[in-house]
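Input: a single structure, listed below in C-alpha cells.
Just so it is clear: chains get the letters A, B, ... in the order the sequence lines come, proteins before strands, and each one is counted from 1.
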Amino acid sequence: MFREALRREIRDAITRAMESGAIPSGEVPAFEVEVPRDRRHGDYATNAALLLAKQAGGVPREIAQRLVEFYAPPPDRIARLEVAGPGFINIAVAWPWKRDLVATICRLGDGYGLQAIGAGRRVNVEFVSANPTGPLHVGAGRNAVIGDVLANLLEALGFSISREYYMNDAGQKVHNLARSVEAHYLTMLGQPTPPPEGGYPGEYVKDLAGRLVADDGDRWLRVSEDERLDHLRDISVTAVVADIREVLERFGVRFDTWFSERALIRSGAVDRALAEIRARDYIYEADGKTWFRSTCFGDDKDRVIVKPTGEWTYFGSDIAYHLDKLARGFDLMINVWAIDHIGDVARVKGGLAALGISPEALEILIYQHVRLKNAGEYLRMSKSSGEFVALRELMDAVGVDAARYFFAMISPAVPMDFDVALALQHSQDNPVYYVQYAHARIAGILREAAAAGIGAPPAGGMEAPLPLDRLTDEREAALIHALGELPEVIRLAGLRREPHRLCAYAREVAEAFHLFYTHCRVLTDDPDLTGARLALVEATRIVLRRTLGLLGVSAPDSM
RNA sequence: GCGCCCGUAGCUCAGUGGAUAGAGCGUUGGCCUGCGGAGCCAAAGGUCGUGGGUUCAAGUCCCGCCGGGCGCGCCA
C-alpha cells in the first residue's frame with residue numbers, strides 16, 4: 001500500500017531531478033523500496049541514490065540529498081526523510097497516512113490486497129497429478145498445497161486461474177494395478193495367484209478385489225483375460241481416483257478439470273501431435289522405433305516416442321497434453337512437479353519447441369521431496385514398498401490446518417523433513433496456532449464489544465469518520481506497518497512462485513498484533529480511543545483472515 | 001561422468017546485492033488486580049560448507065572444491 005505510492009513518488013522525484021539537472025540524467029534505475037532490517041532506520045528505505053551513483057557517476061550521498069530535496073512530500077504523509085549510511089534514503093511514514101490505511105482496509109474488507117497485475121491472463125495450474133494407482137502419499141500433500149496456494153495467489157493478482165489434475169490412466173502403471181487386483185480376485189475365488197511383477201502391495205488392492213467378488217462373484221472368471229483386465233483397470237482407476245478426489249477435497253483442494261490421458265489418446269490428439277512434429281522433420285524411424293530428435297533441443301540423446309509395440313511412451317502424450325492446454329486458450333501453463341521429474345523438464349520443453357512453442361509458455365515449479373521422520377528414523381516412502389504414509393493418515397493425525405500450513409511454510413526448493421512423532425505429540429506447538437490464536441483473540445474482542453453495546457466498525461462502509469487520530473502508540477504504528485505489507489507479500493509470493501512467504505507474513509502480523517494486545521487495551525471507557533482501536537483490530541482481522549484464506553487454512557473465531 | 005537443486009544457531013527453516021544475518025522449536029530466567037497466558041519480556045546460542053573472484057557493498061552474483069538430494073528408462 002505504502003510501497004506502491006512511495007515507488008511512484010520516488011520515480012517522479014528522480015525524473016524531476018534529472019530534468020532540472022540536479023542529478024545526471026539517464027534511465028531511471030530499478031530501485032527498491034524496502035523495509036530496513038533495523039527499524040530504527042524508519043518504515044522504508046530506498047537504494048535509488050546508490051544505483052544512480054553507480055549508473056551515472058557521482059557521490060551517492062550527494063545524489064541522495066538532491067533526491068530528498070526534489071521529493072518534498074507533504075508532511076501529513078512522510079514524517080521524515082533522511083540520507084543515511086552509504087546513500088540510503090530512509091523514510092518514516094507519518095501518522096495520518098498510517099491512519100488512512102486502517103480506514104482503507106476496513107472499507108475494502110476482503111478486497112484488500114487484490115491487484116490487477118494479471119489483467120485476466122489465463123493461467124493453467126496443473127498439480128498433484130499422481131498416478132491413479134493408489135492412495136496419495138504425503139509428498140502429494142506438499143504438491144497440493146504448493147499448487148493450490150500458488151493458484152490462490154495468482155487469482156488475487158488478477159490472473160484467471162484453472163486448476164487441473166492430469167490422470168495418467170493409460171499405460172503400464174494402471175495395467176499393473178489391474179494385475180494386482182486380479183491376483184487377489186483369482187485367489188479369493190479359489191485360484192491361488194501370486195502378486196504380479198511390479199504390482200502394488202497395499203491393502204486397498206485387496207479391498208478392490210473383495211468388493212468385486214461381493215458385487216459380481218465369479219463373473220469375471222468366465223471372460224477372456226483381456227476383457228477381465230480391462231474391466232479391472234476401469235473399476236480400479238475409478239475407485240482410486242474417487243479416493244484421491246475425496247482426500248483432496250477434505251484437504252481443501254478442488255480442481256476445475258480432471259484430465260484423462262486415455263481420453264487424450266483416444267481422441268487422436270497424440271497422433272496429430274506426432275504428425276505435426278514429423279512434418280517439421282524432428283522424427284525418424286530406427287530399430288523399429290520412432291525417435292524424437294531431442295538432441296536438437298539440448299538433450300544428450302534422442303528419445304523414443306513410439307515403442308516397437310506401437311504404444312506411446314509417456315513423452316508423446318505429454319506433448320499432446322500440453323498442446324491441448326494451449327488449444328484451450330491458456331496464456332501460461334504452470335506445472336508443479338516433484339524433484340524426481342527434473343530430467344523431464346528440458347525434454348517436454350524441447351518437444352514443445354519442436355512445435356514452435358516458446359519455452360516460456362510452460363513453467364515448471366520443482367519442489368523437493370518430503371522425508372518422513374519418526375523418532376529420528378527416516379521412513380522409506382514409495383507405493384511399491386507399501387511402507388508409505390498416506391496423506392489421509394497425516395491429515396487425520398495433525399489436522400488439515402496444521403498440515404497445510406506446514407507444507408506451505410517451507411520453500412519448495414528445500415527438502416522437507418516431516419517428523420511425524422513431533423507433529424503428533426506437539427501439534428499444539430505448530431506455528432499455525434500462533435496465527436490462528438491471534439485471529440481468535442480478535443474475534444473475542446469484537447464479541448465483547450458487541451455484548452457491551454459498543455459498535456464495532458462495520459467491515460463494509462465506514463461512513464462515520466473514525467477517531468483514528470487517537471492511534472498514537474508505537475505498537476499500533478508497528479501493527480499498521482505490518483498490515484500495509486499484504487499487497488507486496490501477495491505480489492512477491494505469487495510472481496516469484498514462493499507461497500512460503502505467506503506463512504512468514506502471517507506470523508509477522510500475528511506477532512505485531514499480540515504485542516499490541518499486551519500493551520494497548522482495546523475496550524476502554526474512552527469511546528474515541530476504543531473506536532480507533534476497534535478499527536485497527538478489525539483491519540488486523542481482515543488481513544489475518546485474508547492471509548490464512550490464501551493458505552487454505554481456517555481462521556477460527558474461537559479455539 | 002554429465003545436468004538441476006540444497007548446504008545459514010543444538011534441531012527445523014526465513015533472508016529483495018545494502019546498514020549490527022533473523023524466526024520457530026529446544027535451553028535458562030522473568031510477567032496472570034480489566035478485552036482469551038495457545039500470549040508477552042529477557043538471556044544464551046553463528047568462521048552463513050570451503051577457497052578464490054566481481055562490487056563502494058556478497059548469506060545473496062560468478063568460478064573451483066567438499067558434503068548431501070534428485071535425475072540421466074523403450075517406467076509414468
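- Listed by first then second residue, pairs satisfying salt bridge (charged side-chain N to carboxylate O under 4.0 Å, His left out) with a partner in residues 433-453 of chain A number zero, not counting sequence neighbours.
- Between the side chain of A:Asp43 and the backbone N or O of A:Val93 there is at least one donor-acceptor pair closer than 3.5 Å.
- Side-chain atoms of A:His341 and A:Asn335 form no donor-acceptor pair, as typed in the model, at a separation below 3.5 Å.
- With sequence neighbours excluded, no residue satisfies salt bridge (Lys or Arg N to Asp or Glu O under 4.0 Å) with A:Lys173.
- Every residue two or more places apart in sequence or in another chain that forms a side-chain contact (heavy atoms from CB on, under 4.5 Å) with A:Ala440 is listed here: A:Met559.
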Cut-off 3.5 Å, no hydrogens considered: what does the side-chain donor-acceptor table look like for residues 48-65 of chain A, sequence neighbours left out?
residue: A:Gln55; atom: NE2; partner: A:Glu27; partner atom: O; Å: 2.7
residue: A:Arg61; atom: NH1; partner: A:Gly85; partner atom: O; Å: 2.6

Atom pairs, protein N/O to nucleotides 46-49 of chain B N/O, distance under 3.5 Å:
none

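- You'll find that the side chain of A:Ala413 is closest to B:C6, out of B:G36, B:C75, B:C6.
- Listed by residue number, A:Ile339, A:Asp340, A:His341, A:Ile342, A:Gly343, A:Asp344 are the residues of residues 339-349 of chain A with a heavy-atom contact under 4.0 Å to RNA chain B.
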Starting at the 5' end of nucleotides 13-20 of chain B, put B wherever the base has a protein heavy atom under 4.0 Å, S where only the sugar-phosphate does, and a dash everywhere else.
-> SSSB-BBB
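- Every residue two or more places apart in sequence or in another chain was checked for a ring pair (Phe, Tyr, Trp, His ring centres under 6.0 Å) with A:Phe88, and none qualifies.
- Using a 4.0 Å cut-off between charged side-chain N and carboxylate O, A:Arg3 and A:Glu32 make no salt bridge.
- Looking at heavy-atom distances under 4.0 Å, A:Asn176 makes no contact with the nucleic acid at all.
- Partner of A:Thr547 under the side-chain contact (heavy atoms from CB on, under 4.5 Å) criterion, chosen from A:Ile490, A:Ile542, A:Leu486, A:Val553: A:Leu486.
- A salt bridge does not link A:Lys325 with A:Glu164: every distance from a Lys NZ or Arg NE/NH1/NH2 to an Asp or Glu carboxylate oxygen is 4.0 Å or more.
- With sequence neighbours excluded, the residues that form a salt bridge (Lys or Arg N to Asp or Glu O under 4.0 Å) with A:Asp526 are A:Arg470.
- Applying the side-chain contact (heavy atoms from CB on, under 4.5 Å) criterion to A:Ser294, with sequence neighbours excluded, gives A:Phe292, A:Asp299, A:Asp302, A:Arg303.
- As rounded to whole Å, 14 Å separates atom C1' of B:A76 from atom CD1 of A:Ile319.
- Formation of a donor-acceptor pair under 3.5 Å by the A:Tyr200 side chain with backbone atoms of A:Ala178 is not found in this model.
- Taking the P atoms as reference points, B:G45 lies 15 Å from B:A23, given to the whole Å.
- Taking 90° from 0 as the syn/anti boundary, the base of B:C72 is oriented anti.
- As rounded to the nearest Å, B:A76 and B:G59 have P atoms that lie 47 Å from one another.
- Panel note: side chain A:Glu488, backbone A:Glu485; no donor-acceptor pair is recorded below 3.5 Å.
- At a threshold of 4.0 angstrom between heavy atoms, the contacts of A:Tyr434 are confined to the sugar-phosphate backbone, with no base atom among them.
- In secondary-structure terms, RNA chain B builds stems of at least 3 consecutive Watson-Crick or G-U pairs, each pair having both distances under 3.5 Å, at B:1-7 with B:66-72, B:10-13 with B:22-25, B:27-31 with B:39-43, B:49-53 with B:61-65.
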Tabulate atom names and distances for all N/O pairs under 3.5 angstrom spanning the protein and nucleotides 27-29 of chain B.
none

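- Separating the C1' atom of B:C6 from that of B:U12 is a span of 15 Å, rounded to the nearest Å.
- Using a 4.0 Å heavy-atom criterion, one finds that A:Pro60 contacts no nucleic acid atom at all.
- The side-chain tip of A:Arg507 points at the ring of A:Tyr434 from less than 6.0 angstrom away and within 45° of straight on.
- Using a 4.0 Å cut-off between charged side-chain N and carboxylate O, A:Glu4 and A:Arg7 make no salt bridge.
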